[in-house]
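Residue numbers start from 1 in every chain, and the chains themselves are labelled A, B, ... in the order their sequence lines are given, proteins ahead of strands.
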Protein chains: 2
Amino acid sequence: MPKSSIIDGLGLLAISTRLQRLSEQLRKDGQQIYRSYGIDFEPKWFPVVYSLHVKKTLSVVEIAAEIGYTHPSTISLLKELEREKIISSRKDSSDERKRLIQLTEKGNSLVLEMQPVWDTMTRAIAALTSTPNNLLSAITEVESKLGEKSFLQRAEEIKSGLSPFTGQ
Amino acid sequence: MPKSSIIDGLGLLAISTRLQRLSEQLRKDGQQIYRSYGIDFEPKWFPVVYSLHVKKTLSVVEIAAEIGYTHPSTISLLKELEREKIISSRKDSSDERKRLIQLTEKGNSLVLEMQPVWDTMTRAIAALTSTPNNLLSAITEVESKLGEKSFLQRAEEIKSGLSPFTGQ
DNA sequence: TGAATATATGTAGTCAACTACGTAATTTTA
DNA sequence: TAAAATTACGTAGTTGACTACATATATTCA
């Protein structure tokens, strides 16, 4: 991944670019780690599969909410997973609009098979992020601040002379 | 199978997704902040324009290196900026392979116009990221660790029984 | 000096998310 | 109870990055 001088120095304004680059880097390596364990699995499938592993049966919109994606994005993930026979779906008999999704037998055994991979990844990421400022905590903290007040709202307040910290 | 190992892993395993989502959120709000100042500017143009503001004249590959993108991505950004008449380009007379890029007069005055926007954004992001774990520092720290040893390499070492921290 | 290599730019196609819009089924309400 | 609103799902097209490949020019070295 190419390193850049100016942008690194400019920190705050290029933070979105840096977040994206870091995300992409981790996703790509994740892909290769699954491969190195001989497992045919994409990192982007993880949130769906994990949700179904825990909750057993969910509708499309419920999965979208669980994983924090829009439902069209979720639908395309589900299509891939159905093609891979990792999940299966059927209509909800009490509400015909709903499609109920579950892990297949293959999906369930895949989850078991992936335990050591997930363990390895978790350790590697833990090592990577065990720095003075913990990345995962930092993300959680910023997400929580954004939940209170968006970047846009904060900018509007600063523009109109309010403190970005207190909003007064 | 202990459920806790999966749950503990969840946060870390979904880190790439969360980074991407955060990036997208900041980028979108950034777009609206420029708009609220009545300025026709895309956040994704910032690294290119800022680099040219500082360095005055750069080739395509030099810009790509500065902003940390691949050169095809850079070319498509440059096309947009040229269409917007924010930059102009000419062949390098001493090396005909090179295309030298500069800000136009419009580009230069745009940079001046954007100073207050950049100032506002910088403050808003500073407020957002002033949490116990500083996001920008965390990113820098993780990038630096990745520079030493990639996520993939760390995973390989853990797989073969080495410590993820020391590699021994 | 000319063949091989390296550098600079460009094009085509892919990927993984998105938004916008549309249809069908269900629920609410005037 | 029919019209309106909501919910659930789906499709089409966009975006912004990428990789792989192609071409032109410059440089190196046997």
Side-chain angles (χ1 to χ4, degrees), chain A residues 1-2 4 7 14 16-32 41-48 57-84 87 89-101, chain B residues 14 16-32 41-48 57-84 87 89-101:
Chain A
M1 194 68 54
S4 79
I7 297 319
S16 162
T17 295
R18 291 176 71 190
L19 287 170
Q20 191 176 340
R21 206 178 306 163
L22 191 51
S23 161
E24 181 65 10
Q25 208 168 342
L26 295 175
R27 194 193 57 75
K28 259 184 224 164
D29 273 21
Q31 207 164 20
Q32 283 208 262
F41 196 78
E42 301 280 332
K44 65 175 167 172
W45 295 340
F46 172 77
V48 171
T57 301
L58 292 168
S59 73
V60 174
V61 169
E62 281 166 350
I63 292 173
E66 283 286 335
I67 69 176
Y69 280 7
T70 60
H71 86 264
S73 307
T74 305
I75 286 171
S76 96
L77 286 177
L78 292 177
K79 266 183 192 163
E80 291 176 34
L81 286 166
E82 199 145 24
R83 193 160 50 238
E84 299 286 328
I87 62 162
S89 69
R90 61 174 200 283
K91 272 204 170 176
D92 184 335
S93 54
S94 74
D95 184 343
E96 299 256 302
R97 296 169 306 174
K98 281 190 188 169
R99 189 154 69 91
L100 299 179
I101 323 285
Chain B
S16 163
T17 297
R18 291 176 71 188
L19 287 168
Q20 191 176 339
R21 203 177 310 160
L22 191 51
S23 160
E24 182 65 10
Q25 208 168 342
L26 294 174
R27 195 194 55 76
K28 259 185 226 160
D29 274 21
Q31 207 164 20
Q32 282 207 262
F41 196 78
E42 300 281 333
K44 66 175 167 170
W45 294 341
F46 171 77
V48 172
T57 301
L58 292 167
S59 73
V60 174
V61 168
E62 281 166 349
I63 292 173
E66 284 289 338
I67 69 177
Y69 281 7
T70 59
H71 85 266
S73 306
T74 304
I75 285 171
S76 94
L77 286 177
L78 292 175
K79 267 184 190 162
E80 292 175 33
L81 286 166
E82 200 145 24
R83 193 159 50 239
E84 298 286 328
I87 62 162
S89 69
R90 61 175 201 284
K91 272 205 169 173
D92 184 334
S93 53
S94 75
D95 185 343
E96 298 254 302
R97 298 169 305 176
K98 281 189 189 171
R99 188 153 70 93
L100 299 178
I101 322 284

### Summary
Separation of C:dT14 atom C1' from A:Q31 atom CD, nearest Å, is 13 Å

#### Entry: For atom NZ of A:K91 and atom P of D:dG10, their distance in whole Å
9 Å

### Query
For DNA chain C, whose closest nucleotide is more 5', that of A:S94 or that of A:P72?
A:P72

### Summary
Side-chain contact check for B:K44: nearest option of C:dT26, D:dA17, C:dC18 is D:dA17

### Residue A:Y69, side-chain heavy atoms: nucleotide from C:dT9, C:dA17, C:dT19 that is nearest
C:dA17

### Summary
B:R27 has its side chain closest, among D:dC18, D:dG10, D:dG16, to D:dG16

### Query
Picking from C:dA8, D:dC9, C:dT26, which would you name as closest to the side chain of A:K98?
D:dC9

### Query
Rounding to a whole Å, what distance do you find between A:L19:CG and D:dA17:C1'?
15 Å

### Query
Once you round it to whole Å, what is the distance between C1' of D:dT11 and NZ of A:K79?
7 Å

### Query
To the side chain of B:V61, which of C:dT9, C:dA25, C:dT19 is closest?
C:dT9

### Task
Nearest whole angstrom, please: distance from the C1' of C:dC15 to the CD of A:E42.
10 Å

### Task
Please work out if B:S76 contacts a base, only the sugar-phosphate, or nothing of the nucleic acid, heavy-atom cut-off 4.0 Å.
nothing

### Message
So if I take every side-chain heavy atom of B:T70 and compare against C:dT19, C:dT26, D:dC18, which nucleotide ends up nearest?
### Response
D:dC18

### Message
So if I take every side-chain heavy atom of B:V60 and compare against D:dA26, D:dG10, C:dG10, which nucleotide ends up nearest?
### Response
C:dG10

### Message
If we check side chain to side chain contact (heavy atoms under 4.5 Å, CB included) with B:I101, which of these qualifies: B:T74, B:T57, B:V60?
### Response
B:V60

### Task
Mind checking B:R21 for me? I need base, sugar-phosphate or nothing, with any heavy atom below 4.0 Å counting as a touch.
nothing

### Task
Would you kindly compare A:H71 and B:H71 by the position of their nearest DNA chain C nucleotide and give the one closer to the 5′ end?
B:H71

### Query
Where the side chain of B:R97 is concerned, which of D:dC9, C:dT26, C:dA8 is the nearest nucleotide?
C:dA8

